[in-house]
There are 2 protein chains.
Amino acid sequence: MKNETPDCRTCSVRDVTPFEHCNRDQVLEVQFAKSCNFYKKGQFIFSENSLPIGLFCISSGHLKLVKYGSGGKEQILRIAKPGDFVGFRSLITRRRYNASAIAVSDAAVCLLPRKDFQHLLNTNHEFSAEIMQRVCELAEKTENKLTDIAYKPARGRIADALLLLSNADTELCQKDIQLSREELAGFTGTVKETAIRILSEFKRNNLIAIKKRKIEILDIGGLEQMSNQFD
Amino acid sequence: MKNETPDCRTCSVRDVTPFEHCNRDQVLEVQFAKSCNFYKKGQFIFSENSLPIGLFCISSGHLKLVKYGSGGKEQILRIAKPGDFVGFRSLITRRRYNASAIAVSDAAVCLLPRKDFQHLLNTNHEFSAEIMQRVCELAEKTENKLTDIAYKPARGRIADALLLLSNADTELCQKDIQLSREELAGFTGTVKETAIRILSEFKRNNLIAIKKRKIEILDIGGLEQMSNQFD
DNA sequence: CGGCTGATTGAGCTATGTCAAGGGCAGTGG
DNA sequence: CCACTGCCCTTGACATAGCTCAATCAGCCG
């Protein structure tokens, strides 16, 4: 990956962000208002309970959005991919960050300061409608995940996670987001050991293969069955 | 409760809804576009997977928003109170309802048709900003609840629920929303029997009293301690 | 080679779910 | 007014998924 600071005017992810609704002048404004940072795997982009400073737009790499639950266990709320916006919701609620954002791979992330974001929100209706739409979609996903964690057994949740993480975002992602076993556990609301045991079981049943810690999906249908056998 | 159809112009909950940002003419438009229905406890306002038809504004009573998880268990995502809007998010995402809304007490609910809602959203910036704010706040709450369900033990979640349901909305709610034990379980992501056992335990420890199935909180501090002892 | 980090496996425990049997209260109908 | 019925609530006994703790293993890097 080249460490070139992205330019909004030519940025390849712009088309999949709400910025697609910006006209030439607005893109220019964003380009000059924003700054860009490069994060190594594991670095924090922002932390739960600190004050929001602006909108983060992921140019490359992936972030995990996490909260820490009982016993300091890390709950991964979602994985954000290139083109996703993070950290702006707290600007709208005018509260501190509700979660932390951490790079799960090396990532380039641009920061549009609060005022510029809010200006756009107030003046560009298409943009704000797009933001609204995304917030709503995300809220639905979170509700679905909540219900799964509440009542679906871990086996099904792990199967879901594997399917989601592998095929989800074929457009911009390199296919496999490399999460550690512990992260996979945090993503599915369980603990490392349980996640590992279930993976081993999937391997025994030829649903997946594991090469050098990396998980490869062999039987999508089988995993889907795993996911649904508890409905 | 009188079964009088509410009039937006004089409706007592208007001030706590996003309609507060509507001018006199807009309120009038809403008043003439809307219809009102009265629901008995247990009746559906709308159902998961059906097509959204408009914005529901709760005039009186409470609704539960539920999804059905593995084994048909009912997960209560949240309780909506007078002044809350429900069912509009699916208009924005242009999908089917992600959850069902059911009256937990007798309720009066007004329906503003899709087009009128969208017109307001497009033309009244303050209104749409208020909607955005609420969606974002709700999303945060859902994320918090997700993390709790994932890693906080049932005891803590029940304590949280009791605190939330009792004091939450002192403004407009009569203090106690009467949920059945099964509903309390659905709200906290557990099953009826577990909820009951934990309640009995709380009673033994004088954290709560139970009179005729109704739960009365005796020791707020004690419950808060229950909630936090697992961090 | 030694030390490190993450993955894996085992053994045991516990919280929580399941199944089954009362118990109490409210409403209904005689 | 009382018996009947049905709906919750409650409790007990039991099963088990998933958590904890601890030991070992497999790459990887200096």
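Numbers restart at 1 for each chain; the letters A, B, ... are given by sequence-line order, proteins then strands.
Residue pairs meeting the salt bridge (Lys or Arg N to Asp or Glu O under 4.0 Å) criterion with at least one member in residues 217-227 of chain A, sequence neighbours excluded, do not occur.
In this view, R95(B) and E137(A), E140(A), T93(B) satisfy the side chain to side chain contact (heavy atoms under 4.5 Å, CB included) rule, not counting sequence neighbours. Applying the side chain to side chain contact (heavy atoms under 4.5 Å, CB included) test to P153(A) and every residue at least two apart in sequence or in another chain returns F230(A), S70(B). Residues satisfying the salt bridge (charged side-chain N to carboxylate O under 4.0 Å, His left out) criterion with E74(B), sequence neighbours excluded, are K64(B). Residues passing the side chain to side chain contact (heavy atoms under 4.5 Å, CB included) test with V191(A), sequence neighbours excluded: K73(A), E193(A), T194(A). Applying the side chain to side chain contact (heavy atoms under 4.5 Å, CB included) criterion to L51(A), with sequence neighbours excluded, gives R96(A).
For the atom pair S166(B) OG and L223(B) CG, the distance stands at 8.0 Å (nearest 0.5 Å).
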Compile the donor-acceptor pairs under 3.5 Å between side chains in residues 196-205 of chain B and protein atoms, sequence neighbours left out, one pair per line.
residue: S200(B); atom: OG; partner: I196(B); partner atom: O; Å: 2.9
residue: E201(B); atom: OE1; partner: R155(B); partner atom: NH1; Å: 2.6
residue: E201(B); atom: OE2; partner: R155(B); partner atom: NH1; Å: 3.0

Check residues 38-50 of chain B and write down every donor-acceptor pair under 3.5 Å in which the side-chain atom is one partner and the other belongs to a residue at least two apart or another chain.
residue: Q43(B); atom: OE1; partner: K40(B); partner atom: N; Å: 2.7
residue: E48(B); atom: OE2; partner: K67(B); partner atom: NZ; Å: 3.1
residue: S50(B); atom: OG; partner: S47(B); partner atom: O; Å: 2.6

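Heavy-atom contacts from other residues, nucleotides or ligands closer than 6.0 Å to CZ of R114(B) number 12 or fewer.
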If the sugar-phosphate is the primed atoms plus P, OP1 and OP2 and the base is the rest, what is the B/S/- string for nucleotides 21-30 of chain D, using protein heavy atoms under 4.0 Å? B------S--
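Put simply, CD on Q75(A) is 16 Å from C1' on dC19(D), counting in whole angstrom units. Protein atom OH of Y151(B) is 14 Å distant from nucleotide atom C1' of dT20(D), rounded to whole Å.
Taking the 5' to 3' direction, DNA chain C first and last meets chain B under 4.0 angstrom from a heavy atom at dT16(C) to dA26(C).
No contact: K203(A) has no heavy atom under 4.0 Å from any strand.
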Dump every N/O contact between nucleotides 16-18 of chain D and the protein below 3.5 Å, one line per pair.
residue: dG18(D); atom: OP1; partner: A154(A); partner atom: N; Å: 2.9

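The backbone N or O of G87(B) lies less than 3.5 Å from no partner atom in the side chain of S90(B), so there is not a single donor-acceptor pair.
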Pair T147(A)-K152(A), side-chain hydrogen bond (donor to acceptor under 3.5 Å, both in side chains): steps then yes or no: CA-CA 8 Å; T147(A) 307; K152(A) 185 186 274 201; over 6 Å; no
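Comparing A150(A) and L199(A) against DNA chain C, the residue whose closest nucleotide sits nearer the 5' end is L199(A).
Because its NZ or CZ atom is not both nearer than 6.0 Å to the ring centre of F56(A) and within 45° of the ring axis, K34(A) does not count as a cation-pi partner of that residue.
Residues from residues 180-187 of chain A lying near DNA chain C, meaning a heavy-atom separation below 4.0 Å, are S180(A), R181(A) in numerical order.
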